2 protein chains.
Amino acid sequence: MTETRTRILDIAERGILAKGFEATSIEEITAEAEITKGGFFYHFHDKNALALALLDRYIEAEDQLFDDIFSRAEDLSDDPLQAMLIGLKLLAELLDDIPGGHPGCLVATSCYQSRLFNTQVHEANRRALLGWRNRFETMFQTIAETYPPKDKVNLTDLADMLSGVVEGGIILSKAVGDPKASARQVLMFRSYVKLLFQR
Amino acid sequence: MTETRTRILDIAERGILAKGFEATSIEEITAEAEITKGGFFYHFHDKNALALALLDRYIEAEDQLFDDIFSRAEDLSDDPLQAMLIGLKLLAELLDDIPGGHPGCLVATSCYQSRLFNTQVHEANRRALLGWRNRFETMFQTIAETYPPKDKVNLTDLADMLSGVVEGGIILSKAVGDPKASARQVLMFRSYVKLLFQR
DNA sequence: GTTTTGCTGTACCTATGGTATAGTAGATGC
DNA sequence: GCATCTACTATACCATAGGTACAGCAAAAC
């Protein structure tokens, strides 16, 4: 990982989150990074490789964030349901605090430009969502052992719903121009979890 | 509305839903429509105008669909909560029946390629989501009059959640490769509505 | 019978992704 | 102290895509 490579990734990420993948040209990136085209293609053999590197970095950061939030939540309460509710609140606060709203999820972006990306990018994307599914499903299973759910629901779908609500919230906030919408949607999900498990 | 114009829209829609906006070239469209480039630009002054026409058409169809589903639901039950629950089930069934899953939502696509589209496209997008918010919020207000909600929630956010869950579900289904995910997410939302309002 | 509509056909400009290749300053290895 | 490797620069070039410009033409509308 050289300094130049990291700089390219940073500039590309900013551009892509603001304008989309296609709208962010390589020449634009090289200009801002003050390197030549040759320099860019030295680090990334094509634009797909850039997307892949960016996605990997993004997923890692997001995983770290979930680790931090939910380990903190488990510190604050021994009860699995309470820990989940605290974690969701922390997540909502975090989304709320990002100035200008959540920058948008690279995972979703890559979904919506499907044929543009190669199989590797889609695979990375898939792994990320399955990882999150797994993480939350385990937590909900633990909760369900102590708190029998009030409605017959599939816990995998419930786990997926959190990812979905965040993604959907981002789309909402972008479309309606309300940066805080994403955080409020997470709180709606929290309300559902509360009603579903709380006695 | 000429026959050629409609044919362009149909071909473009199919391409965009399958591959994304940028990945669908004008030349590809004109080739399939068996017209020349001049013919294309006679109908749409640029690619943005194509996006706008497509979005308008899409929103109108989606509105019609919601009208059909929920008026049918209201036929089946006089109770506002029951009608909502029936409507959500019908919506889920509809999403489930689309062969190969939901084709993806043009509204979301246009969100994620933001700077690429002009203000008109974003405005159309915004109006659509606000229209759906309004529609569902009114329904939830009527429900709340008879069934006091079990948790203190903002009904606007609840209305937005349905749009969000559909959008998020589409992303999920595309990313994980599970066409039915979108329908199951709508059923999760239905479960929330049930727990929130049912006595 | 003239005008408008809905195109065709040709030619051309620009931006962008991508390829190729020669060269080079500085760090690293032996 | 020489060679090799790393991390680039510089130049030149190709194909594709969006877009412009404009002349022409057949059929429908007035």
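FYI, side chains are in, hydrogens and waters are out, and symmetry mates aren't considered; it's all heavy atoms of this structure. Reminder, nothing fancy here: chain letters follow the sequence lines and each chain counts from 1. Everything numeric in this text was worked out from a predicted model, so none of it was measured.
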Could you go through nucleotides 24-28 of chain C and list every protein N or O atom that sits under 3.5 Å from one of its N or O atoms, giving the distance for each pair?
none

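Taking only side-chain atoms of B:Thr2, from C-beta outward, the nucleotide of C:dC7, D:dT6, D:dT9 with the closest atom is C:dC7.
OP1 or OP2 of D:dA7 has not a single side-chain nitrogen or oxygen of A:His43 nearer than 4.0 Å. Considering only side-chain N and O atoms, A:Thr36 lies nowhere under 4.0 angstrom from the phosphate OP1 or OP2 of D:dT11. In this model, the phosphate group of C:dC7 is not approached by any side-chain N or O of B:Tyr42 to a distance below 4.0 Å at OP1 or OP2.
A salt bridge links B:Arg126 with B:Glu123; the closest basic N to acidic carboxylate O contact falls under 4.0 Å. For the pair B:Glu32 and B:Arg14, the salt-bridge criterion is met [side-chain N within less than 4.0 Å of a carboxylate O]. Under the 4.0 Å criterion applied to side-chain N and carboxylate O atoms, A:Arg57 and A:Asp10 are assigned as salt-bridge partners.
Between the CD atom of B:Glu167 and the CG atom of B:Leu129 there is a distance of 6.5 Å, given to the nearest 0.5 Å.
For B:Arg7 and C:dG6, the CZ to P distance is 14 Å, given to the nearest whole Å. In this structure, A:Phe44 atom CZ and C:dT16 atom P are separated by 19 Å, rounded to whole Å. When rounded to the nearest whole Å, the span between CG of A:Asn48 and C1' of C:dT19 equals 17 Å. Between the CD atom of A:Glu34 and the P atom of D:dC8 there is a distance of 13 Å, rounded to whole Å. Between A:Ile29 atom CD1 and C:dA15 atom P there is a gap of 18 Å when expressed in whole angstrom units.
When A:Asp46, A:Leu52, A:Asn48 are each tested for a side-chain contact (heavy atoms from CB on, under 4.5 Å) with A:Asn118, only one passes: A:Asn48.
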(message) Within the 4.0 Å limit for protein heavy atoms, which parts of nucleotides 22-30 of chain D are touched? Write it as a string from 5' to 3', B for base, S for sugar-phosphate only, - for none.
(response) ---------

(request) Mark up nucleotides 13-18 of chain D, 5' to 3', with B wherever a protein heavy atom is under 4.0 angstrom from a base atom, S wherever such an atom reaches only the sugar-phosphate, and - elsewhere. (result) ----SB

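Contacts of B:Tyr192 classified as ring pair (Phe, Tyr, Trp, His ring centres under 6.0 Å), with partners at least two apart in sequence or in another chain: A:Tyr192. Scanning for ring pair (Phe, Tyr, Trp, His ring centres under 6.0 Å) contacts around B:Phe70 gives B:Phe136, with sequence neighbours left out.
A donor and an acceptor atom, one from each side chain of B:Asp151 and A:Ser191, are located under 3.5 Å apart. For the residue pair A:Asp63 and A:Trp132, a side-chain donor N or O sits within less than 3.5 Å of a side-chain acceptor on the partner.
Pairs passing the side chain to side chain donor-acceptor pair (under 3.5 Å) check and including a residue from residues 69-97 of chain A, sequence neighbours excluded, read A:Asp79-A:Tyr147.
Contact annotation: the side chain of A:Leu50 approaches that of A:Leu9 to within less than 4.5 Å [non-hydrogen atoms, C-beta and beyond].
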